[in-house]
4 protein chains.
Amino acid sequence: MSTAGAPVMRGRIDKRQAIVDAAFTVFAREGYAKAGMDVIAAEAGVAKATVYGHFGDKETLLRGAVVASADRALADNLAAVERLTGGGDDLRETLETVGLRLLQCHCDDRSWAVRRLISAEINQFPDLLDIHARTADRIAEALADRLSRLAVAGRLHTPDPLLAAEQFLALLAGSMDRRARLGTRRVPAAELRAVAGAAVETFLRAFGPRE
Amino acid sequence: MSTAGAPVMRGRIDKRQAIVDAAFTVFAREGYAKAGMDVIAAEAGVAKATVYGHFGDKETLLRGAVVASADRALADNLAAVERLTGGGDDLRETLETVGLRLLQCHCDDRSWAVRRLISAEINQFPDLLDIHARTADRIAEALADRLSRLAVAGRLHTPDPLLAAEQFLALLAGSMDRRARLGTRRVPAAELRAVAGAAVETFLRAFGPRE
Amino acid sequence: MSTAGAPVMRGRIDKRQAIVDAAFTVFAREGYAKAGMDVIAAEAGVAKATVYGHFGDKETLLRGAVVASADRALADNLAAVERLTGGGDDLRETLETVGLRLLQCHCDDRSWAVRRLISAEINQFPDLLDIHARTADRIAEALADRLSRLAVAGRLHTPDPLLAAEQFLALLAGSMDRRARLGTRRVPAAELRAVAGAAVETFLRAFGPRE
Amino acid sequence: MSTAGAPVMRGRIDKRQAIVDAAFTVFAREGYAKAGMDVIAAEAGVAKATVYGHFGDKETLLRGAVVASADRALADNLAAVERLTGGGDDLRETLETVGLRLLQCHCDDRSWAVRRLISAEINQFPDLLDIHARTADRIAEALADRLSRLAVAGRLHTPDPLLAAEQFLALLAGSMDRRARLGTRRVPAAELRAVAGAAVETFLRAFGPRE
DNA sequence: GATGAATGAGAGTTCATTCAT
DNA sequence: TATGAATGAACTCTCATTCAT
């Protein structure tokens, strides 16, 4: 569970990270309410009181775990979106690639877990959704930016790039709740590709260049 | 302990119903783990042990509440889908009406609540998802049936009606998580109409009759 | 620990009483803060949650124990004061008897314990003192009443019976903190008699009939 | 962390003193069990481990605080008693002055606090009482000494000066528990004077020169 | 000597569940 | 069937104390 050559644990910063990771794991597995601070501490390899030393209480720990997860998710998704350059020769193929990447981000275990967590605790901790929503917004905006460029280049026809982005994402992710059973089933790569393909097909029929 | 003028409580069946309702309310408000059997019993106006008399334990009570809710949701959604007859003069208008109804079902408080509950407890009680998935599947199939008829009638072009149905639903509901903040914000009717309109627009561009 | 022929515990009322008794015992032995609800429950022969069923929290339990103790103390002290009738032949002897009884009340284990408890928690729970003070006031007033009668009968000379009562009590109890080591040492009966005698001697010199 | 202009903290001895003072303050405010070493350390402006460097554990720290307080109290009380010289013209006035001083000592905030602390922890730390009792004894003895001189000079009549001293102290302090609400109420100077006056009155009637 | 971080033991309190009436 | 009382297990959080720096 430790990083490298150090004997067991290289410093306080590592401990904090271990705690966040453990918290996320346990919250994801058991849910916020059922997750025990004992269990989280054990998973992190520290004493229970150490957890309280870093994060003041369970609620703060949850927030810490969610924020960390949102940060990682944002980076992954933006990386995917950035592959959508207008320069590619084949628009369909590019869209399919990007769509597949986005789908893979969406279907990452941790992604499912945060969404489930936030969904579960929305009444108790509405601010968790703010964190998440900000992330999702930035992804949609980034995607809209790229679609705008394509529109300007005459390769797409859409008066409202943000709407187009939203619908693209909806076509991609819309059926995943069912297919992945909310993240408890691993969706085969082939199925992901098919979904991405169908999404792109419909998207291009609606917004693509008229032949 | 009962209200005076009323026939005092018309039998055990009413009490059972009161318990299921109370359970749903409390589970929805607090989440499964945090919901207390005391609170549910109080909300239902019965003693805690009475709850245990009807449902053996908390888990069973949750299942009961979810099943009841799924039944109601199924009925509502099917009623909406059935309005999608091929006979309508204006296909776009019909689709918009149906889409709006489906959106309204999707945005019902109870609908959000079940989805959040199932999402939250998917690891502990995977079978809850089965109940829900069966419901969702039947809705999608029913919608696919209607789209098939429209395709047969030459008013839509789609080789795969089930896929079209799925994508229509995705276009409708795809952005609602964000817009409704997972059910904690009431989405104005006008916004719902706009979303339905945009979904239908894209859907028709992709599958509609080529002019 | 149960009262009579009943198998183990004759009802809920007995359990409540057992809890109050146990609470007093443990609070007296360990102090409020150090006393564990586990220990109290065990001493009472019930489960910890049962204690919480009767008294909502530790604080309320403390109050319950103190009130019960104050009630008993009041009864005992008033019984002692009531023996101070004017009809006795020998005033000195009567005063000595009553003084001794009051001293015995003062030196009862439970009396020391409440005083220590209240003293210890006066900052956290100032209202405990109110309970106790009311009790002490009633005792002093009752004593003042009796001294008044003696004054009216010409057997004592004091313009302020309440002051006389207070001073009589002060002369009796004034040195007991030291002698009884705040209740941790049992003061021999002979010593108590001596103290009572000395108190009466001084009291009579100050307020007694001038020969 | 230290105040700017001052010589930064003149050495370890000052820190030790700061810790004892802080400990007394916190123990007095919260009680021994509830007082936290964190809080004491913070109040003293040092790190928690520093407290452990000076005093090995919480118990020792308590003893240190109590001893310091007892020393100060002893000095104050002896200073008061020493004012009781036989040379004064007016015995009553002298006694009233001394009595008032003793009452003031008794009603000092710190005095109440130690008494409450010792009373609270008598079961856990009986030796605290020894410290305190020794102090009280020395005060009583000193007072008895002065009363002896007055008796020898024929200005008082008592065969047992120590008893007279005890009773004088009892008449003074006997009602203060109630009046000062165990130290949580500040008793007005006038009331103190009145109590001292009444005590001296009774004392002189019992032990004073027969006219 | 002084500190920040870490910890094991234990605190009060809650809760799903059972039982006697 | 319906209930009030009882319970054991578990929970979050605290604290006196130690250790590496």
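What you are looking at is a predicted structure, and each value in this text was computed from that prediction instead of being measured.
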A/M37 atom CE is separated from F/dT14 atom P, nearest whole Å, by 10 Å
Tabulate atom names and distances for all N/O pairs under 3.5 angstrom spanning the protein and nucleotides 7-9 of chain F.
from, atom 1, to, atom 2, distance (Å)
F/dT7, OP2, C/A47, N, 3.0
F/dT7, OP2, C/T50, OG1, 2.3

How sharply is the helix from E/dA2-F/dT21 to E/dT21-F/dA2 bent, taking the axes over five pairs at either end and rounding to 10 degrees? 10°
Working to the nearest 0.5 angstrom, can you tell me the gap between C/E59 CD and C/Q124 CD? 9.0 Å
Holding to salt bridge (charged side-chain N to carboxylate O under 4.0 Å, His left out), I want the full list of residues that pass it with D/D109, two or more places apart in sequence or in another chain. D/R186
Whole-Å distance between F/dA6 C1' and B/D38 CG? 13 Å
Could you tabulate the donor-acceptor pairs under 3.5 Å formed by side-chain atoms of residues 20-28 of chain A, not counting sequence neighbours?
from, atom 1, to, atom 2, distance (Å)
A/D21, OD1, A/Q17, NE2, 3.0
A/T25, OG1, A/D21, O, 3.0

The criterion is salt bridge (charged side-chain N to carboxylate O under 4.0 Å, His left out); which residues satisfy it with B/R110, sequence neighbours excluded? none
Distance, rounded to the nearest Å, where D/D14 contributes CG and E/dA2 contributes P: 11 Å
Can you list everything that forms a salt bridge (charged side-chain N to carboxylate O under 4.0 Å, His left out) with D/E30? Sequence neighbours excluded, please. none
Please name all residues satisfying side-chain contact (heavy atoms from CB on, under 4.5 Å) with B/D71, sequence neighbours left out, ordered by chain then number. B/V67
Test of understanding: with salt bridge (charged side-chain N to carboxylate O under 4.0 Å, His left out), list the residues that count as partners of A/R29, not counting sequence neighbours. A/E43
Which ones in residues 22-36 of chain B lie close to DNA chain F, meaning a heavy atom under 4.0 Å from one of its atoms? none
A/Y52 OH to E/dA5 P, in whole Å, measures 19 Å
Nearest-0.5 Å distance that lies between atom NZ in A/K34 and atom CD in B/E121: 9.0 Å
Rounded to the nearest 0.5 Å, what separation is found between the CG atom of A/L62 and the CG atom of A/L128? 5.0 Å
Inter- and intrachain pairs under side chain to side chain donor-acceptor pair (under 3.5 Å), touching residues 47-57 of chain A, at least two apart: A/D57-A/T60
Supply the atom-to-atom distance C/D127 CG to C/R63 CZ, rounded to the nearest 0.5 angstrom. 4.0 Å
Output the rounded distance in Å from CD1 (B/I19) to C1' (F/dT1). 11 Å
Partners meeting side-chain contact (heavy atoms from CB on, under 4.5 Å) with B/A33 (sequence neighbours left out): A/A33
Below 4.0 angstrom, which residues in residues 54-61 of chain A have at least one non-hydrogen atom near DNA chain F? A/D57, A/K58
